[in-house]
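Remember, it's 1-based here, ligands and their atoms both numbered in the order they're listed.
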Amino acid sequence: MVKRYETRVVKPQLNNLAADPFIIEAAELLRAGELVAFPTETVYGLGADATSTSAVESIFATKRRPADNPVIVHIGEVDAVADVGDASDPRVLLLARHFWPGPLTLVIPAREPVRTAACRGLGTVAVRMPAHPIALAMIRASSLPVAAPSANLSGRPSPTTAQHVLDDLETKIPIILDGGPCDVGIESTVLDLVGPEPRVLRPGAVTQDELSAVLGCSIARAEGAALSRSPGTRYRHYQPSATVILVGQHVSDASVSHLLSRIANAGTLVGYIAETSPTEPTSSVIYLPVGHEAGALARCLYSHLRHLDARGVASIVVRAALADDPVMERVHRAASLVLWTDEEVESFHGDVSRAPSS
Ligand code: TXA
Ligand code: MG
């Protein structure tokens with residue numbers, strides 16, 4: 001039977017987290033096998049006791065997550081990595097000491113009881129120590145490793161505020177710890193340390209260059225068969241309901257304005273996410289700005305996609321630079337169409353219902 005809750009959104013006090021009543025309550029809920037949504041520096045997580053098969057099962061039921069897609073296990077101290085996995089490979093502690101707490105997830109051989117409860121038969125565990133004081137206080141107070149995927153319904157953009165979690169999971173979970181908007185805004189880098197060569201399974205804020213510098217070897221992105229190690233990559237993530245069109249930063253303002261008006265003329269509301277506002281704003285275009293500083297698009301992307309979906313836009317134009325940047329991987333995954341030059345933009349007919357899907 002599916003339980004219904006009066007979901008509460010609560011704000012732990014940052015100045016005395018270890019004694020905060022909401023942290024203590026969240027830890028008790030986790031120990032009782034319940035789910036708790038909590039902030040991390042990347043995105044909000046939906047946490048459960050990673051040593052309990054039934055608690056982890058309720059994550060899958062609540063998110064409607066595909067059964068074969070394993071979840072990340074979160075720990076509160078670097079040394080706790082040896083409780084959930086085999087940390088005998090010296091690269092594990094080398095990387096952990098360098099990047100934790102932080103947005104790096106390591107895939108290593110799993111240990112019981114986490115292996116049976118949280119690893120979906122893979123024999124490996126993805127583990128990270130998050131860099132958010134509320135997450136760390138909650139994990140430490142629970143004395144448990146905490147299994148937590150992103151706290152969205154499967155297929156929706158990951159949540160970067162407590163309100164996003166509430167939008168997806170109200171009545172499905174007892175409590176959401178509110179830590180304000182997430183600093184990073186996209187999910188952690190996932191690094192596979194099980195295969196013969198370390199491989200990035202999912203790009204994130206910790207870059208391949210930073211990993212290479214610490215390990216002293218080159219690190220590649222996993223491709224093809226190697227990616228099957230990360231079942232999550234088989235699913236289409238980050239999928240808003242609207243059609244997403246990615247337009248290159250170097251396309252002229254005039255071409256972008258033509259594009260927006262052609263789409264709007266087809267009778268639809270259109271969202272526009274870019275660093276500068278459209279030169280010919282109309283009431284059919286909802287413009288959401290992106291800051292100019294490093295990491296600005298990552299911080300606002302999911303929030304903007306959710307906002308525009310809620311406004312009922314039929315299409316969303318994202319204008320961004322083609323950079324080898326983890327946030328662009330998310331934009332590409334969400335996009336049905338990429339228009340990179342003025343010519344490509346001008347020749348697009350503007351009927352988003354006929355945009356090819358990837
Ligand atoms: O930033 C993050 O990583 C956030 C916060 C909450 O920590 N969590 C997150 O979890 O994004 P989730 O479940 O949405 O994504 C986990 C990814 C999936 O692509 C999954 O397939 C992969 O990690 N993964 C989990 N366990 C794995 C394993 N044993 N081997 C390979 N990939 C694994
Ligand atoms: Mg996710």
Below a 4.0 angstrom heavy-atom separation, can you tell me which part of [X], side chain or backbone, both or neither, approaches ligand 1?
X      : answer
Lys63  : neither
Thr124 : both
Asn69  : side chain

Main chain of Val78, side chain of Arg97: is a donor-acceptor contact present, judged purely on distance under 3.5 Å?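 It does not hold such a pair.
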
Under 3.5 Å, side chain of Arg128 to main-chain N/O of Gly102, donor-acceptor pair present? yes

Lys/Arg N to Asp/Glu carboxylate O, [X] vs [Y], below 4.0 Å:
X      : Y      : answer
Glu329 : Arg202 : no
Asp168 : Arg306 : yes
Glu57  : Arg120 : yes

Would you say Ser158 reaches the Mg ion (ligand 2) with an N/O/S atom under 2.8 Å?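 Under 2.8 Å: Ser158 has no N, O or S contact with the Mg ion (ligand 2).
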
Test your reading of the structure: does Arg202 have an N or O sitting under 3.5 Å from an N or O of ligand 1? yes

Suppose I only count heavy atoms of [X] and a 4.0 Å limit; which atoms of ligand 1 are within that range?
X      : result
His74  : 5 (C), 6 (C), 7 (O)
Ala126 : 25 (C), 26 (N), 27 (C), 29 (N)
Val107 : 30 (N), 31 (C)
Thr42  : 1 (O), 2 (C), 4 (C), 5 (C)
Glu187 : 1 (O), 2 (C), 11 (O)
Leu122 : 28 (C), 29 (N), 30 (N)

Who passes salt bridge (charged side-chain N to carboxylate O under 4.0 Å, His left out) against Glu344, sequence neighbours left out?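 Salt bridge (charged side-chain N to carboxylate O under 4.0 Å, His left out) check on Glu344 returns nothing, list empty.
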
Could you tell me if the side chain of Met138 sits less than 4.5 Å from the side chain of His132, heavy atoms only?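 Answer no - side chains too far apart.
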
Ligand 1 contacted by Arg120 (non-hydrogen, < 4.0 Å):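 No, Arg120 has no heavy atoms under 4.0 Å from ligand 1.
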
Using the side-chain contact (heavy atoms from CB on, under 4.5 Å) definition, which of the options Val256, Leu339, Leu246, Ile245 pairs with Arg319?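 In the set Val256, Leu339, Leu246, Ile245, the residue that makes a side-chain contact (heavy atoms from CB on, under 4.5 Å) with Arg319 is Val256.
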
